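What you see below is based on every heavy atom in this structure, not just the backbone, and it leaves out hydrogens, waters and symmetry mates. The structure displayed is predicted, hence computed values, not measured ones. Chain identifiers are assigned alphabetically (A, B, ...) following the order of the sequence lines, protein sequences preceding nucleic acid strands; residue numbering begins at 1 within each chain.
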Amino acid sequence: MNGYTTHEFDVLVIGAGGAGLRAAIEASGTGAKVALICKSLLGKAHTVMAEGGMAAAMGTADDRDSWSTHFADTMRGGMYLNNSRMAELHAKEAADRVNELEAWGAVFDRTPEGRINQRNFGGHKYRRLAHVGDRTGLEMIRTLQDHGIHQGFEVFMEYTVVDLLMDGGRVAGAFAYERNHGTFHLFRAKAVILATGGLGRCYKVTSNSWEGTGDGHALAYHAGAEMRDMEFLQFHPTGMVWPPSVRGILVTEGVRGEGGILQNSEGRRFMFDDIPDAYSHQTSDNEEEGWRYITGDKEARRPPELLTRDHVARCIIREIKEGRGSPHGGVFLNIHWIKENLKDAEAHIKKKLPSMYHQFKELAGVDITKESMEVGPTTHYVMGGIKVDADTQMSTVPGLFAAGECAGGLHGANRLGGNSLSDLVVFGKRAGQYAAEYASGHDMPTVDEGQVQDIAKETLAPFERGDTGENPFQIQHALQDMMQAKAGIVRTHVEMTEGLEELQKLKARAAECGVQSNRDFNPGWNTALDLKPLLACSEMILMSAINRKESRGGHYHDDYPEKCPEHAKWNTIIHKSADGTMTRTEAEIPAVRSDLQEIIEENQR
Amino acid sequence: MSKATFRISRGSGGDLTPEDYEIEIGEGMVVLDAVHQIQSEGASDLAVRWNCKAGKCGSCSAEVNGMPRLMCMTRLEDLDLSQPVTIEPMHAFPHVRDLVTDVSSNYRAKKSIKPFKPRKPDNADGTWNMKQEDVERVQEFRKCIECFLCQDVCHVLRDHHKHEEFIGPRNFVYSAALEMHPLDTEDRVGDLKKDQGIGYCNITKCCTVVCPENIKITDNAIIPLKERVVDEFYDPFTKLFRMFKPKK
């Protein structure tokens, strides 16, 4: 028998980034008793890394903008695999959520008229991103944190959930360990919200921190929830490539939004060489027009550096593969060139991109006001996730909700930059509201002590094997190398088949890993437990990707390099079958509501 | 490739022993990379907090060669590698294990600060107007990543352990961000004097020196707050004037 402490709540929120915090605030506001669990200290979640801004059709920087244009941009960017109702709600509600942050103390950059300023970003027709320099995520998480601590919910810092508890088909709570001393905690709850973010740690080169191990994806999957579109990963086009220790760290799209250009080793702006048909009518074909767009000329079309992230990332890969890359295997991102057009360029760059200036100066010894940055694609975001009801955010498991990156549907096959921060608060709020409503209509579910003891035993198993087992860090690195090689930005059937085979061997190795010492703040043990979600997520990605025999958004299949209209009709669904094996189906996409379809078509003209 | 030795404090609950680890080091490495390498090459239980690895989250605070630093932003090439590089946990907080300390007192202190209370909206749609030049002052304070290095270096906390009477530089920066917020209407000056111990600060500016975000903590946050305290409690004319002035 393993001991544990029991807690009881109406609503349990797992994850304290933007979505989790917003959900906890909303649920608490209804009078529900709410707990918020976070894997790190409060305020350190990956939201803090978001840089460029938060997309919302506020029309403060360009009054032509409207929710319908934002909706159409999101659908086009997602290549129409999105849940259109989610895209509609997101576009309609994002502006209110930005204003709400201001009412809670956020201080966004201003227009000359004193309103919230908005900046250019890839795939957005108009200037649409509310921002604070290049540290918008910090502003968001700190605002939610500072407001949230006075709303009455209880925060459990440095707790990791290892499994969800079930009462029949309904979720009944979660089992967690506390990091400082490794003690066990049972959280009983009437409703559970997953807001655990992404799974970038499945890959070697990633912008994600140690936390991004796909916990919520795996918890939901093991609880029997349907998962959608797991083949779609966003490889952000601009991560740092040098020095090696910082490879993968994000370089904000805001650099391109402020006029940064991509160049190959010959100095050529290669993004002009390949402009997709869907965007040709709104993309400039010359440097002069591109710069006019950056400076706010409403007649000018966007420069090609601001095409969608999937496309820009593939163009960069092409340049590198064809031998026109930078010395350390990237391409050049040049913001200093704006001094040709701007008198006080150096001060402007430092003002608009202070943390990029800081990051390159201190980590790479590069002064971005004078030299170009070396950048290349990095695993950044997963579009796929837990399938949820658009309005309520409830998964296919009763009582289990999801919001933010771990939920799927809003972004389709590719997410537009800036649509994540708005996603967090729009759907975080909805999840909080409907989870509280669900909790108020249901009794506390029953917990099965046998299930709890099984989980506790499995959680401690790495200690049983001790020094005789393999170091969990080695297994994690092997998995990351495998996924980078077999399920990366360019995929082939042969490689994905090999990937699935190697995954089975890695599962066997993970089952034999061992850790030393005791349960007090022990990263080896914590990493051993992270292997389970990492392996489940990797398998979901490979299983989904191998079946999509086309290239679309974040899934590029080298054997089928074109988009196929037949494949635009379905979403991939993964779920755990009764015998415990992973199964895959293709679910037909329901018809888009006629008024929304009209908006899409109007915006294609 | 060359080698370097790292002398890391190991142990639990304040019972610490320095242990030496020699590893191969590569181009551009930072101290946090060295710690991770030591973890994956054998010391898998070496406790360390970290998240973003880019100086944005403020998790990996420690004392490197005696200086409070973010490990992710401390490059090995800036250190003298002919000697062992010492890595110790922050000294101002209760120790947990190895490089990890209990920083929860900072969160408790923050909660004691009265929250943001905006004036009535300027516009019918519930929004406000603010000029860029008016928000820049507080934007400096809002850059804070809560690494707590300023708390670590502050002698009031580090040497005199006034954690329950003195909220510390980080939380003065937070108070300043609220007090100087163009929309805020709350008054926190009394609390700063009575319960939050601003008088203990004797402006040695150590906090400003260690701030990885280069916030001018003493000059721009603490001194203006001290001036507000003086104005409200010690200046006879202001005091008289305030007695007749309607509350904002």
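Contact of the A/His380 side chain with the A/Met49 side chain is not registered, since no non-hydrogen atoms from C-beta on lie closer than 4.5 Å. For the pair B/Tyr174/B/Lys110, a side-chain contact is recorded, criterion being any heavy-atom separation below 4.5 Å from C-beta on. At a threshold of 4.5 Å between non-hydrogen side-chain atoms, the residues A/Leu531 and A/Ile475 count as touching. Proximity of A/Val98 to A/Phe108: side-chain heavy atoms (C-beta onward) are separated by under 4.5 Å at one or more points. The shortest side-chain heavy-atom distance between B/Gln151 and B/Asn171 falls under the 4.5 Å cut-off. Two residues are said to be in side-chain contact when any heavy atoms from C-beta on lie closer than 4.5 Å; B/Ser105 and B/Tyr107 fail this criterion.
Only the backbone of A/Pro112 comes within contact range of chain B, judged by heavy atoms closer than 4.5 Å. With a threshold of 4.5 angstrom between heavy atoms, A/Glu102 approaches chain B through its backbone and through its side chain. Contact annotation for A/Asn471: only side-chain heavy atoms (C-beta onward) come within less than 4.5 Å of a heavy atom of chain B. Contact of B/Lys117 with chain A is not made at all, since no heavy-atom distance falls under 4.5 Å. For chain A, no part of B/Asp134 is nearby; none of its heavy atoms comes within less than 4.5 Å. Only the side chain of A/Ile249 comes within less than 4.5 Å of a heavy atom in chain B; its backbone stays farther off. Proximity to chain B (any heavy atom under 4.5 Å) is shown, for A/Asn117, by neither the backbone nor the side chain. When heavy atoms are compared at a cutoff of 4.5 Å, A/His477 approaches chain B solely by way of its side chain, counted from C-beta outward. Only the backbone of B/Ile113 comes within contact range of chain A, judged by heavy atoms closer than 4.5 Å. There is no contact between B/Asp78 and chain A, counting heavy-atom distances below 4.5 Å. In this structure, the portion of B/Asn214 lying under 4.5 Å from any heavy atom of chain A is its side chain and not its backbone. When heavy atoms are compared at a cutoff of 4.5 Å, B/Glu77 does not approach chain A at all. A/Ala364 touches chain B through its backbone: at least one of N, CA, C or O sits under 4.5 Å from a heavy atom, while the side chain does not. At a 4.5 Å heavy-atom cutoff, the contact between A/Leu42 and chain B is made by backbone and side-chain atoms alike. With a 4.5 angstrom heavy-atom cutoff, A/Glu139 touches chain B via backbone and side-chain atoms both. Heavy atoms closer than 4.5 Å to chain A are found in both the backbone and the side chain of B/Asn51. Looking at A/Trp104, the atoms closer than 4.5 Å to chain B (heavy atoms on both sides) all sit in the backbone: N, CA, C or O. The contact between A/Ile149 and chain B is made by backbone and side chain atoms together, counting heavy-atom distances below 4.5 Å. Residue contact with chain A, scored on non-hydrogen atoms closer than 4.5 Å, involves the backbone and the side chain of B/Ser40 alike. Interface residue B/Ile145: backbone and side-chain heavy atoms are both found under 4.5 Å from chain A. Interface residue A/Met157: only side-chain heavy atoms are found under 4.5 Å from chain B.
Ranked by non-hydrogen atom pairs under 4.5 Å with chain B, the options A/Pro243, A/Ser355, A/Gly524, A/Ser245 are led by A/Ser245. No other option in A/Gly365, A/Ala45, A/Pro523, A/Ala528 has as many heavy-atom pairs under 4.5 Å with chain B as A/Pro523. The residue among B/Glu41, B/Arg75, B/Lys131, B/Met29 with the most heavy atom pairs within less than 4.5 Å of chain A is B/Arg75. With chain B as the partner, the residue from A/Glu113, A/Gln145, A/His181 showing the most heavy-atom pairs under 4.5 Å is A/Gln145. By number of non-hydrogen pairs under 4.5 angstrom with chain B, the leading residue of A/Arg135, A/Gln516, A/Arg115 is A/Arg135. When each of B/Gln139, B/His36, B/His181 is scored by its heavy-atom pairs under 4.5 Å with chain A, the top score falls to B/Gln139. Comparing A/Met240, A/Gln476, A/Lys351 by how many heavy-atom pairs each has under 4.5 Å with chain B, the most go to A/Lys351. Among the candidates B/Val48, B/Val138, B/Leu183, the residue making the largest number of heavy-atom pairs closer than 4.5 Å to chain A is B/Val48. The residue among B/Ala43, B/Ala177, B/Gly42 with the most heavy atom pairs within less than 4.5 Å of chain A is B/Gly42. Ranking A/Asn180, A/Leu363, A/Leu138 against chain B, the residue ahead of the rest is A/Leu363, based on heavy-atom pairs under 4.5 Å.
If you check the side chains of A/Glu178 and A/Thr183, you find a donor sitting under 3.5 Å from an acceptor.
In summary, A/Lys39 and A/Asp530 engage in a salt bridge, as defined by a charged side-chain N under 4.0 Å from a carboxylate O. The pair B/Asp187-B/Lys114 does not meet the salt-bridge criterion, since no charged nitrogen lies less than 4.0 angstrom from a carboxylate oxygen. No salt bridge links A/Asp134 with A/Arg119; every basic N to acidic carboxylate O contact stays at or beyond 4.0 Å.
When each of A/Glu211, A/Glu158, A/Arg179, A/His46 is paired with A/Ser40, the side-chain hydrogen bond (donor to acceptor under 3.5 Å, both in side chains) condition holds for A/Glu211 and for no other.
Taking the centre and axis of the six-membered ring of A/Trp525, the NZ or CZ atom of B/Arg97 falls outside the cone set by 45° and 6.0 Å. A cation-pi arrangement is present between A/Lys44 and B/Phe148, with the terminal nitrogen or guanidinium carbon under 6.0 Å from the aromatic centre and inside a 45° cone about the axis.
The minimum heavy-atom distance linking A/Val515 with A/Pro472 is given by the pair CG1-CG, 3.8 Å.
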>> With side chain to side chain contact (heavy atoms under 4.5 Å, CB included) as the criterion, how do A/Gln359 and A/Glu51 come out once you've worked through the C-alpha distance, each side chain's angles and the decisive distance to 0.1 Å?
In response: CA-CA 12 Å; A/Gln359 184 173 314; A/Glu51 292 163 352; 4.1 Å; yes

